[in-house]
Protein chains: 2
Amino acid sequence: MSRITHPPRDALELTRVLHALSDPVRLEVVRSLAENGEQTCAALDGDRPKSTMSHHFKVLRAAGIVETRGERTSHLNRLRAEDLEARFPGLLQAVLNG
Amino acid sequence: MSRITHPPRDALELTRVLHALSDPVRLEVVRSLAENGEQTCAALDGDRPKSTMSHHFKVLRAAGIVETRGERTSHLNRLRAEDLEARFPGLLQAVLNG
DNA sequence: AAGCTTGTTCGATATTTCTCGAACTAATAG
DNA sequence: CTATTAGTTCGAGAAATATCGAACAAGCTT
């Protein structure tokens, strides 16, 4: 089903990453993933509709910030922390601290 | 004329800063200011209309990224690097390196 | 004063983004 | 097989953003 694609490390673009992180809902998701590790989408909605969250995950994936392992019914999301660190050293940490 | 206002250091918001930095034109401006220090708006347009650039400077100022000293005819812009560093340590550097 | 320069503000249009319900897909549970 | 669950996709409406010409303000120059 899901043509869920993740950009390779080298394809990560700074402006796209910054834009993805500039939304409060998505920033919240990123913070939660950083704190609690892998989580399902359901665990990360803040009582927001599924379609809304799906949209935000799509943006996060397209930016290369989140990887979704969609093997099972409940997909697991994780931060692509290593890839982000490789392309934009210190960025993720600075955002998480802010 | 110009109700040019700059938010105090404590009022800087991460999402606003990230959003301001997520535009290619504004990122270019920020990079140039970081490299070359204070510059006028005119020196920073990339052959783009004045009104367009004025809009982008407004966004950068509102985010607290740029300070415009508008005393004279030709305004001077500078990065608020210290304020950014105080609020979001490492962020500016990470963005500039990326 | 008349004109030029620098930049802001306004108004209009085009594009993007956010939000959410509804229909859909796929896997699992009963 | 039917129902449920998890998440995506579609479509629509609302809000924010980007772009740019035109009008404006203020200082500098002659």
Side-chain angles (χ1 to χ4, degrees), chain A residues 1-7 13-30 32-33 36 38-79, chain B residues 1-7 13-30 32-33 36 38-79:
Chain A
M1 54 119 154
S2 42
R3 307 67 157 156
I4 289 185
T5 56
H6 299 89
E13 290 170 29
L14 181 56
T15 53
R16 193 177 290 270
V17 168
L18 292 173
H19 175 256
L21 293 171
S22 74
D23 180 276
V25 176
R26 291 192 291 262
L27 192 52
E28 189 184 310
V29 167
V30 168
S32 179
L33 288 176
N36 311 314
E38 281 193 330
Q39 289 173 85
T40 61
C41 298
L44 291 163
D45 66 7
D47 267 336
R48 275 169 272 262
K50 296 189 297 180
S51 52
T52 298
M53 292 313 289
S54 194
H55 160 69
H56 286 304
F57 277 108
K58 194 169 167 182
V59 173
L60 285 170
R61 280 194 297 266
I65 295 171
V66 161
E67 184 189 77
T68 301
R69 293 192 295 132
E71 315 303 349
R72 297 277 151 51
T73 307
S74 73
H75 303 190
L76 278 180
N77 300 287
R78 70 170 195 87
L79 269 188
Chain B
M1 52 116 164
S2 43
R3 307 64 156 153
I4 289 185
T5 58
H6 299 89
E13 292 171 28
L14 181 56
T15 52
R16 193 177 289 272
V17 169
L18 292 174
H19 175 257
L21 293 172
S22 73
D23 180 276
V25 175
R26 291 191 292 261
L27 192 53
E28 188 185 309
V29 167
V30 169
S32 180
L33 288 176
N36 310 316
E38 282 192 329
Q39 290 173 84
T40 61
C41 298
L44 291 162
D45 66 7
D47 266 337
R48 275 169 273 263
K50 295 189 298 179
S51 51
T52 297
M53 292 313 290
S54 193
H55 160 68
H56 286 304
F57 277 107
K58 193 171 170 182
V59 172
L60 286 170
R61 279 193 299 263
I65 297 171
V66 160
E67 185 189 78
T68 301
R69 294 191 294 136
E71 315 303 349
R72 299 274 150 52
T73 308
S74 73
H75 304 190
L76 276 180
N77 300 287
R78 71 170 193 86
L79 268 188

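This is a predicted model, so every value here is computed, not measured. In the text below, chain A, chain B and the rest are named by the order of the sequence lines, each starting its count at 1.
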Rounded to whole angstrom units, what separation is found between the [atom1] atom of [X] and the [atom2] atom of [N]?
{"X": "A:R69", "N": "D:dG7", "atom1": "CZ", "atom2": "P", "result": "13 Å"}
{"X": "A:R16", "N": "C:dT17", "atom1": "CZ", "atom2": "C1'", "result": "13 Å"}
{"X": "A:M53", "N": "D:dA6", "atom1": "CE", "atom2": "C1'", "result": "13 Å"}
{"X": "B:D45", "N": "D:dT19", "atom1": "CG", "atom2": "P", "result": "13 Å"}
{"X": "B:K58", "N": "D:dA18", "atom1": "NZ", "atom2": "C1'", "result": "13 Å"}
{"X": "B:F57", "N": "D:dA18", "atom1": "CZ", "atom2": "C1'", "result": "16 Å"}
{"X": "B:L76", "N": "D:dG27", "atom1": "CG", "atom2": "P", "result": "16 Å"}

Are OP1 or OP2 of [N] and a side-chain N or O of [X] less than 4.0 angstrom apart?
{"X": "A:R61", "N": "D:dT8", "result": "yes"}
{"X": "A:R48", "N": "C:dC18", "result": "no"}
{"X": "A:S51", "N": "C:dC20", "result": "no"}
{"X": "B:T52", "N": "D:dA18", "result": "no"}
{"X": "B:H56", "N": "D:dT19", "result": "yes"}

Of the candidate nucleotides C:dT17, C:dT6, C:dT19, which contains the atom at the shortest distance from the side chain of A:H19?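 Output: C:dT17.
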C:dG7, D:dG7, C:dC18: which one has an atom nearest the side-chain heavy atoms of A:K50?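 Among C:dG7, D:dG7, C:dC18, the one nearest the side chain of A:K50 is D:dG7.
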Could you give the distance from [atom1] ([X]) to [atom2] ([Y]), rounded to the nearest 0.5 Å?
{"X": "B:L76", "Y": "B:R69", "atom1": "CG", "atom2": "CZ", "answer": "5.0 Å"}
{"X": "B:Q39", "Y": "B:L33", "atom1": "CD", "atom2": "CG", "answer": "5.5 Å"}
{"X": "B:M53", "Y": "B:D47", "atom1": "CE", "atom2": "CG", "answer": "10.5 Å"}
{"X": "B:L79", "Y": "B:E38", "atom1": "CG", "atom2": "CD", "answer": "10.0 Å"}
{"X": "B:D23", "Y": "A:S22", "atom1": "CG", "atom2": "OG", "answer": "11.0 Å"}

Base, sugar-phosphate, or nothing: which does A:H55 touch, judged by heavy atoms less than 4.0 Å apart? base
Classify the nucleic acid contact of A:T40 as base, sugar-phosphate or nothing, counting any heavy atom under 4.0 Å across all strands shown. sugar-phosphate
In residues 54-66 of chain B, what donor-acceptor pairs under 3.5 Å come from side-chain atoms, sequence neighbours left out?
residue	atom	partner	partner atom	Å
B:H56	ND1	B:R26	NH1	3.0
B:R61	NH1	B:T68	OG1	3.0

Bend across the helix from C:dA1-D:dT30 to C:dG30-D:dC1, to 10°, with axes taken over 5 pairs at each end? 10°
Pick the nucleotide of DNA chain D nearest each of B:V25 and A:S54; which residue has the one closer to the 5' end? A:S54
Is A:R78 salt-bridged to A:E67, going by a charged N under 4.0 Å from an acidic O? yes
